[in-house]
Number of protein chains: 2
Amino acid sequence: MTKLQQAILEILKNSKDHFTAEDVFWALKPQFPKLALGTVYRNLNYFSDQKMIRRVYRADAPDFYEWNTKPHDHAVCIKCGVTSDLFVPDLKDFLKSQILCDIVSFDLNISYICPECSGKNFETEEE
Amino acid sequence: MTKLQQAILEILKNSKDHFTAEDVFWALKPQFPKLALGTVYRNLNYFSDQKMIRRVYRADAPDFYEWNTKPHDHAVCIKCGVTSDLFVPDLKDFLKSQILCDIVSFDLNISYICPECSGKNFETEEE
DNA sequence: TTCACTGCAAAAAGTTTGCACTGAG
DNA sequence: CTCAGTGCAAACTTTTTGCAGTGAA
């Protein structure tokens, strides 16, 4: 494991944020001035292939990568734009009960108004 | 509404399939030999802006367009690759009850083994 | 010396856009 | 004559890849 690879993993490990390849690239650029974006992609994809991190495919925005590899969903606040991890308990069982099929996996993305932006004090189940 | 625009809508209207812009392009090419892919995109996007059809953004595959504008989800069979419309009853209420937040919208995509491929006779709630 | 890792640049894939043209009204 | 709709080609965004160089063991 090279210094660069360690540094890439450290960035993800030390934050609950969701990083695009470019985020990681710019975060490391001061420390690795010759760093290339392609190299960042290559390493991030290698790590996610190894299940060390999770890659989240997105449709109309760059994919992001996160440290949290446990199953969870994502919620994007339509006010502040922040993406949060979100775990919906019993969702798989609920889906199975409703559609009566063998579910292999599923991907849920929620648009919502986060507690901070709603001004109210809702609690979210987070993981 | 031009002949081309009518023809594009007809293709979506007459099928429950999910069409990429290229699907539509090739379906119309015989009838409109000079047709350009960009024009197909422009019209499909115009129609979806007008809520006449629905555009479904996809992460690692071309977006598709469908006639069904009613809220529903999608399930992709991992065996045969077919995408089906799927309506999960009461899902929004279930999500609200679990995460206690104001949900604006959500997007659910399921990977599963469809009834035909599983060899069993499961019934799916479809819309 | 070796070879995994890297930088660089080009390519790939999907989609959008600028511009000139054309044809129906 | 006008101008909405079109074809064409180039641009754009995100991501991947081929290739040559390089640096640690």
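When reading the values below, keep in mind they use all heavy atoms of this one structure, side chains included, and skip hydrogens, waters and symmetry mates. Letters go in sequence order (proteins before strands), and every chain restarts at 1.
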Can you see if the side chain of [X] gets near the phosphate of [N] - specifically, an N or O under 4.0 Å from OP1 or OP2?
{"X": "Thr2(A)", "N": "dC5(C)", "result": "no"}
{"X": "Gln5(B)", "N": "dT6(D)", "result": "yes"}
{"X": "Tyr41(A)", "N": "dT16(D)", "result": "no"}
{"X": "Asn45(A)", "N": "dT16(D)", "result": "yes"}

- Task: Select base, sugar-phosphate, or nothing to describe what Arg58(A) touches, counting heavy atoms under 4.0 Å on all strands.
- Result: nothing
- Query: Looking at the side chain of Pro62(B), which of dC8(D), dT6(C), dG14(C) is the nearest nucleotide?
  - Reply: dG14(C)
- Given atom OH of Tyr57(A) and atom C1' of dT13(D), what is their separation to the nearest angstrom? 17 Å
- Note on the structure: Closest to the 5' end of DNA chain D, once Glu22(A) and Gly38(A) are matched to their nearest nucleotides, is Glu22(A)
- Query: Under 3.5 Å, is there a donor-acceptor pair between the Asn45(B) and Arg55(B) side chains?
  - Reply: yes
- Taking atom types as modelled, find out whether Asp85(A) and His18(A) have a side-chain donor-acceptor pair closer than 3.5 angstrom. yes
- Task: Measure the acute angle between the ring planes of Tyr41(A) and Tyr65(A), then classify it against the limits of 30° and 60° as parallel, tilted or perpendicular.
- Result: perpendicular
- Residue closer to the 5' end of DNA chain C, Lys34(B) versus Leu37(B) (nearest nucleotide): Leu37(B)
